[in-house]
Structure formats: structure tokens, C-alpha cells
Amino acid sequence: MGILWFILIFISLTGHGYAHGPDSCNHEGGLCRVGNCVSGEYLAKYCFEPIILCCKTLSSTTAKS
């Protein structure tokens, strides 16, 4: 029964909103984090909305501009 709940939660997270998944986040230079981004990072998008965030470092954005 516990595995069924895990599968249902996983499906609801992957199918919700702007969830792109960890592969997309890592490919674009981000890192998936649970809860909040750490100091020096910003929320770029979601790996699994709304719990797992895709955080990128602030220095990578300033280097591109």
C-alpha cells in the first residue's frame, strides 16, 4: 500500500504545472533542491513543482550578460 501512495505522489508531481524534471535542470546548469535554494542561488524553475526546485547560481547569470 505504501508503494501505491509513492507512485501516486510521483505521478502527481511530474504531471503538475511547469515541472521539467532533473535532467532538464542539470542540462541547463542548475541543481535540484528540496525546499529552498541556498544563499547565492535563485529559483530558475521547478524540477517537481512545488516541492523540488531547480536552483542556479547567481554568478552564472551575470557571466552570460
Side-chain angles (χ1 to χ4, degrees):
M1 187 69 173
I3 295 205
L4 178 63
W5 281 111
F6 176 76
I7 292 170
L8 289 174
I9 290 171
F10 183 76
I11 290 171
S12 71
L13 287 174
T14 58
H16 188 279
Y18 296 102
H20 296 285
D23 292 335
S24 174
C25 180
N26 293 336
H27 180 71
E28 296 176 9
L31 182 66
C32 294
R33 296 193 183 276
V34 177
N36 296 314
C37 296
V38 297
S39 179
E41 294 180 339
Y42 69 97
L43 173 63
K45 58 184 176 181
Y46 291 95
C47 292
F48 296 102
E49 191 177 55
I51 300 168
I52 304 176
L53 314 174
C54 178
C55 301
K56 292 186 180 180
T57 58
L58 292 172
S59 61
S60 66
T61 58
T62 56
K64 289 181 181 176
S65 24

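Position 1 is the first residue of the sequence, and the numbers go up from there. Owing to the predicted nature of the structure, the values given are computational and were not obtained by experimental measurement.
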Can you give me the closest heavy-atom contact between [X] and [Y], atom names plus distance?
| X | Y | value |
| --- | --- | --- |
| Y42 | L58 | CD2-CD2, 3.7 Å |
| K56 | G29 | CG-O, 4.2 Å |
| C37 | L53 | N-CD1, 4.0 Å |
| L43 | K45 | CD1-O, 3.0 Å |
| C25 | C47 | CB-SG, 3.7 Å |

Distance in Å, [X] [atom1] paired with [Y] [atom2], rounded so as to fall on 0.5 Å steps:
| X | Y | atom1 | atom2 | result |
| --- | --- | --- | --- | --- |
| C54 | Y46 | SG | OH | 11.0 Å |
| C55 | N36 | SG | CG | 8.0 Å |
| C32 | I51 | SG | CD1 | 13.0 Å |

